[in-house]
Amino acid sequence: MGNLRVPTYVGGRWAEADGGFVDVRSAVDGHVVAQVSSDGIDFAGALEYARKTGGPALRALTFHERADMVKRLALHLNECKERLYELSFDTGATRKDCFVDIDGGIMTLFSFASKARRELPDARVAIDGPLEPLSKGGTFVGRHVYTPLQGVAVHVNAYNFPCWGMLEKLAPAIIAGVPLITKPATPSAYVAFAVFEEIVRSGIFPPGSVQFIAGRLGDTLDHLTGQDLVSFTGSRATSEKLQATPAIGLNAVRFVAERDSLNAAILAPDALPQTPEFDLFVKEVLREITTKAGQRCTCIRRAVVPERLLDDVQRALVERLGKVVVGNPRSERVTMGALVSTGQRDDVRERVRELERDASIVYGDPSHVEVVGADDASGAFLSPIVLRCEKPLEVERVHSVEAFGPVTTLMPYRGVDEAIAIANRGEGSLVASVFGYDANAVDEIVCGIASFHGRVLVVDRDCAKEQTGHGSPLAPLVHGGPGRAGGGEELGGVRGVFHYMQRTAVQGSPRRVASVTGEWNPGAQENALERHPFELAFDELSVGDTFYTPSREVTLADVEHFAQFTGDGFYAHMDENAAKASPFFEGRVAHGYLVLAFAAGLFVKPELGPVLANYGLDDLRFLEPVYPGDTIRVRLTVKEKRPRKP
Ligand code: NAP
């Protein structure tokens with residue numbers, strides 16, 4: 001890429017800092033790949049531009065329109081993947097690692113866009129939960145709605161996934177209707193810049209909706225208000241520092257953090273060598289420490305194993321680690337690349353030294369590694385390292401010191417209770433996995449550790465082929481964890497979108513609540529339809545349009561006929577005395593399904609028309625008995641409209 005100064009994109013244009021550049025070096029050979037700085041950038045101006053220009057433009061669109069933009073971005077980025085791959089090699093990432101970051105990021109956009117179109121209305125307000133009756137007479141009701149915050153989302157990202165990390169936060173913010181300023185971590189800012197450059201080039205998003213600051217955040221956080229939010233990914237120490245910014249506490253700025261996580265993988269007591277679960281466990285530990293050279297937030301840092309199997313696991317793991325080829329990620333022979341920088345490698349070495357106070361190294365040498373296709377002296381290469389801690393419940397560091405590299409610690413447990421206690425000593429993690437097939441042990445472990453984890457993955461022979469692994473945070477599921485991992489924010493799927501919105505209880509008459517939410521509810525305005533709704537096309541119907549059918553009497557002969565015809569001779573329909581003796585009925589009642597079938601006979605218009613098919617019924621209930629001699633009719637009301645494109 002040459003010697004590039006990574007620019008900043010604020011106020012609708014690219015700008016270069018006026019000094020203070022920091023060199024970013026290749027993780028592979030140490031040459032300067034880029035220079036990064038944000039000196040002289042008008043941070044307060046960027047926030048104002050987002051609030052005044054980006055916010056209103058996004059809020060004028062519906063959820064579906066915003067989701068369409070996210071999908072179009074995914075399609076656009078799909079076209080320029082190769083360039084992103086090429087750049088990423090210098091961060092130390094292999095082609096496989098790039099797949100997680102680049103293709104993973106694009107897939108996340110697709111997933112958010114598709115879920116939003118399925119689960120959110122084509123409207124600007126989202127409804128949450130049912131209508132709540134608040135008065136006896138039904139003239140005063142309430143309902144929760146979500147509307148977008150009218151501020152800015154400031155996204156501070158970690159270095160390990162410059163593409164995925166940016167896109168997984170961008171998608172929910174845009175779909176929610178909130179403009180964002182994204183700040184990549186310096187060591188991989190040039191990859192994030194290449195992605196952002198494509199976002200700008202695509203011209204998909206309205207002016208002010210996305211901005212990019214490479215380098216320091218300056219005084220950005222000092223200008224935040226209660227309508228803004230910060231979404232941080234990185235270390236616990238940085239998170240604490242940023243959260244302590246006075247404006248954040250003072251203005252109750254929403255602050256989500258995804259931070260260090262000492263994730264555990266537990267081998268269940270039944271998973272003996274030769275069982276598929278034993279093998280799957282060893283493979284997963286290996287995959288986790290070598291993918292992205294262990295620089296993953298979900299990496300298995302603690303491999304928790306039954307005491308009597310510890311030597312077997314160690315042997316199997318060491319044997320496989322012997323086949324790992326460390327080196328230049330551009331080489332096809334290489335299976336593990338470099339850490340992002342020599343600084344990061346030195347940091348990991350330091351952390352390993354700390355861990356060695358509680359554990360001993362059983363594989364790898366932190367000061368030396370054989371390197372293929374590069375020079376060990378100028379690149380940020382490190383051997384995979386396995387430590388072994390004999391008494392994990394008696395020490396502290398193995399549960400709190402995160403060596404953010406290819407490092408894991410083996411630890412034994414004696415009973416399921418101990419395995420649970422060890423996993424929970426992480427004080428809150430993103431993910432834990434359990435490998436075993438014995439339902440009793442696995443269930444006990446899952447229930448024992450769930451409240452300390454954002455995600456618990458159970459791997460066994462039944463899901464072995466399709467399971468996506470310890471580190472597969474996908475858009476529909478929770479990504480985030482409690483305690484040390486950040487606080488348990490739920491960022492998966494549509495819940496992630498709601499994070500950028502305010503939930504408000506709207507109270508008023510049924511008519512008013514319906515007009516705010518865009519959904520018809522009992523007591524709201526009804527517009528009498530002159531024509532049968534089956535004659536009308538989708539665009540000719542409006543919410544509240546209502547049609548009443550003629551009525552029909554239900555007779556005893558109908559009930560008898562239905563019972564004979566269908567074989568449903570339940571006593572409440574056929575035996576007067578038994579029906580009377582039941583707590584619900586005064587005598588024989590018509591079948592619920594008979595009433596439903598008669599209803600269809602009343603409302604269906606048989607001629608060819610715009611109605612194509614009956615997709616089924618949601619929330620069907622039989623709340624009132626219909627007795628022979630009663631008369632029924634049907635009311636059809638358009639409750640909501642959900643256009644689907646195409
Ligand atoms: P980091 O050093 O904490 O940096 C994270 C981000 O904060 C970077 O963008 C960094 O920018 C910025 N930053 C640092 N100091 C700042 C300050 N004083 N003011 C404003 N911004 C500041 O973390 P990292 O080294 O990039 O990432 C590794 C860590 O991230 C690991 O601990 C890992 O566990 C964690 N992580 C967690 C998750 C998760 O989902 N839980 C995911 C990925 C990574 P600069 O680079 O410009 O300093």
Side-chain angles (χ1 to χ4, degrees), residues 6 8 17 20-24 34-39 43 91 100-101 104 154-166 168-169 181-193 212-222 224 230-245 248 255-263 292-301 339-341 343-348 351 400-405 407 426 428-431 453-455 471-473 477-492 496:
V6 176
T8 283
F21 286 94
V22 173
D23 287 347
V24 179
Q35 291 188 311
V36 175
S37 170
S38 62
D39 283 9
F43 301 103
T91 66
V100 179
D101 187 33
V154 178
H155 293 165
V156 183
N157 299 332
Y159 73 78
N160 57 342
F161 288 116
C163 177
W164 177 82
M166 177 159 70
E168 65 123 9
K169 291 181 184 174
I181 295 175
T182 186
K183 181 224 160 327
T186 297
S188 54
Y190 54 96
V191 177
F193 160 66
F212 176 87
I213 294 177
R216 295 274 111 185
L217 266 186
D219 59 357
T220 305
L221 303 187
D222 298 333
L224 298 187
V230 179
S231 179
F232 170 83
T233 308
S235 63
R236 194 182 189 184
T238 311
S239 156
E240 277 170 7
K241 203 186 296 171
L242 301 194
Q243 199 163 12
T245 308
I248 289 186
F255 189 97
V256 201
E258 296 173 29
R259 324 184 289 204
D260 314 4
S261 183
L262 278 286
N263 312 292
K292 200 78 196 170
Q295 300 162 103
R296 288 223 279 187
C297 51
T298 49
C299 183
I300 297 171
R301 301 285 170 213
L339 299 191
V340 76
S341 63
Q344 181 62 26
R345 184 193 54 194
D346 294 345
D347 187 72
V348 173
R351 302 272 172 267
S400 62
V401 174
E402 184 198 40
F404 202 60
V407 182
S429 305
L430 291 176
V431 54
H453 294 84
R455 204 153 48 85
S472 62
L477 291 173
V478 170
H479 179 62
R484 179 194 305 282
E489 278 295 336
E490 170 126 29
L491 290 181

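Just so you know, these numbers come straight off a predicted model, no measurement behind them. Just so you know, ligand 1 is whichever comes first in the structure, and atom 1 is the first atom listed for that ligand.
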Peer 1: Counting only heavy atoms, which portion of Arg259 has something under 4.0 Å from ligand 1: side chain, backbone, both, or neither?
Peer 2: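 Only the backbone of Arg259 comes within reach of ligand 1.
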Peer 1: Given Ser429, Gly215, Ser235, Gly480, identify the one with the heavy atom nearest to atom 23 (O) of ligand 1.
Peer 2: Ser235
Peer 1: Quick one: look up the protein heavy atom nearest atom 12 (C) of ligand 1 and list residue, atom name and how far away it is.
Peer 2: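 Looking only at protein heavy atoms, the one closest to atom 12 (C) of ligand 1 is Val156 CG1, 3.8 Å.
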Peer 1: Determine, step by step, whether Arg351 and Val407 satisfy the side chain to side chain contact (heavy atoms under 4.5 Å, CB included) criterion, reporting the C-alpha distance in whole Å, the side-chain angles of both residues, the deciding distance to 0.1 Å, and the verdict.
Peer 2: CA-CA 10 Å; Arg351 302 272 172 267; Val407 182; over 6 Å; no
Peer 1: So, for Asp23 and Gln35, which heavy atoms are closest and what is the spacing to 0.1 Å?
Peer 2: OD1-NE2, 2.8 Å
Peer 1: Do Ser400 and Arg484 touch side chain to side chain, with heavy atoms closer than 4.5 Å?
Peer 2: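 Sidechains of Arg484 and Ser400: in contact.
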Peer 1: Against Asn157, only a single residue in Lys169, Glu168, Glu258 fulfils side chain to side chain donor-acceptor pair (under 3.5 Å); can you say which?
Peer 2: Lys169
Peer 1: What are the two closest non-hydrogen atoms of Thr8 and Ser37, and how far apart are they?
Peer 2: OG1-O, 4.4 Å
Peer 1: Mind listing the closest non-hydrogen atom pair of Trp164 and Asp101 along with its distance?
Peer 2: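 Closest approach of Trp164 to Asp101: N-OD1, 2.8 Å.
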Peer 1: Which of the numbered atoms in ligand 1 are under 4.0 angstrom from any heavy atom belonging to His479?
Peer 2: 40 (O)
Peer 1: Which residue and atom name correspond to the protein heavy atom nearest atom 14 (C) of ligand 1, and how close is it?
Peer 2: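 The closest heavy atom on the protein side is Thr238 CG2, 3.2 Å.
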Peer 1: Flag Asn157 as yes when one of its N or O atoms lies below 3.5 Å from any N or O atom of ligand 1, and as no otherwise.
Peer 2: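 There is such a contact, yes.
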Peer 1: Closer than 4.0 Å to some heavy atom of Asp260 - which atoms of ligand 1 meet that?
Peer 2: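 Answer for ligand 1: 32 (O), 34 (O).
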Peer 1: Using a 4.0 Å cutoff against the non-hydrogen atoms of Ala185, which atoms of ligand 1 qualify?
Peer 2: 8 (C), 9 (O), 26 (O), 46 (O)
Peer 1: Does ligand 1 have an atom under 4.0 Å from some heavy atom of Gln344?
Peer 2: no
Peer 1: For a side chain to side chain contact (heavy atoms under 4.5 Å, CB included) with Val230, tell me which candidate from Thr245, Leu224, Leu217, Thr220 qualifies.
Peer 2: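 Result: among Thr245, Leu224, Leu217, Thr220, Leu224 is the only option passing the side chain to side chain contact (heavy atoms under 4.5 Å, CB included) with Val230.
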Peer 1: Quick one: look up the protein heavy atom nearest atom 28 (C) of ligand 1 and list residue, atom name and how far away it is.
Peer 2: Phe404 CE2, 3.7 Å
Peer 1: Gly215 and Ser38: which non-hydrogen atoms are nearest, and at how many Å?
Peer 2: C-OG, 3.8 Å
Peer 1: Looking at ligand 1, does Ala237 have a heavy atom less than 4.0 Å from it?
Peer 2: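 Flag not set, Ala237 not near ligand 1.
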Peer 1: Pick, from Arg236, Arg484, Glu402, the option with the minimum heavy-atom distance to atom 34 (O) of ligand 1.
Peer 2: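 Looking at heavy atoms only, the winner is Glu402.
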Peer 1: Out of Ala214, Pro162, Gly234, who gets a non-hydrogen atom closest to atom 35 (C) of ligand 1?
Peer 2: Gly234
Peer 1: Does Arg296 have a heavy atom less than 4.0 Å from any atom of ligand 1?
Peer 2: no
Peer 1: Test of understanding: given a 4.0 Å heavy-atom threshold, classify the contact between Arg216 and ligand 1 as side chain, backbone, both, or neither.
Peer 2: side chain
Peer 1: After noting the C-alpha distance and the side-chain angles of Asp222 and Phe43, does the key distance pass the side chain to side chain contact (heavy atoms under 4.5 Å, CB included) rule?
Peer 2: CA-CA 10 Å; Asp222 298 333; Phe43 301 103; over 6 Å; no
Peer 1: Please check: side-chain N/O of Arg259 versus main-chain N/O of Gly483, any donor-acceptor pairing under 3.5 Å?
Peer 2: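 At least one qualifying donor-acceptor pair exists.
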Peer 1: Hey, does Thr233 come in under 3.5 Å of ligand 1, counting only N/O atoms on both sides?
Peer 2: no
Peer 1: Tell me whether Phe232 reaches ligand 1 (any heavy atom closer than 4.0 angstrom to a ligand atom).
Peer 2: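 Phe232 counts as a contact of ligand 1 under the 4.0 Å cut-off.
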Peer 1: For ligand 1, note which part of Tyr159 has a heavy atom under 4.0 Å away: side chain, backbone, both or neither.
Peer 2: both
Peer 1: Name the option, out of Gly454, Cys297, Gly481, Ser239, that contains the heavy atom nearest to atom 38 (C) of ligand 1.
Peer 2: Cys297
Peer 1: Which ligand 1 atoms does Leu242 reach within 4.0 Å, using its non-hydrogen atoms?
Peer 2: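 Counting atoms of ligand 1 from 1, those under 4.0 Å from Leu242 are 17 (C), 19 (N), 20 (C).
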Peer 1: Numbering the atoms of ligand 1 from 1, which are under 4.0 Å from a heavy atom of Ala158?
Peer 2: 26 (O), 27 (O), 30 (O), 43 (C), 44 (C)
Peer 1: What distance do Gln344 atom CD and Gln295 atom CD have between them, rounded to the nearest 0.5 Å?
Peer 2: 5.5 Å
Peer 1: List every atom of ligand 1 that sits less than 4.0 Å from any heavy atom of Thr186, numbering the atoms from 1 in the order shown and giving each element.
Peer 2: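 Within the 4.0 Å cut-off of Thr186, ligand 1 contributes 45 (P), 46 (O), 47 (O).
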Peer 1: What pair of heavy atoms forms the shortest contact from Cys297 to His479, and how long is it?
Peer 2: SG-CE1, 4.0 Å
Peer 1: Hey, is Pro187 touching ligand 1 through its side chain, its backbone, both or neither, going by heavy atoms under 4.0 Å?
Peer 2: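 For Pro187, only side-chain atoms sit under 4.0 Å from ligand 1.
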Peer 1: Evaluate Phe212 against Val6 for side chain to side chain contact (heavy atoms under 4.5 Å, CB included), listing each step before the verdict.
Peer 2: CA-CA 10 Å; Phe212 176 87; Val6 176; 4.0 Å; yes
Peer 1: Apply side chain to side chain contact (heavy atoms under 4.5 Å, CB included) to His453 and Val431, showing your working.
Peer 2: CA-CA 6 Å; His453 294 84; Val431 54; 5.9 Å; no
Peer 1: For atom 11 (O) of ligand 1, which of the options Lys183, Arg301, Gln295 provides the nearest non-hydrogen atom?
Peer 2: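 It is Lys183 whose heavy atom sits nearest to atom 11 (O) of ligand 1.
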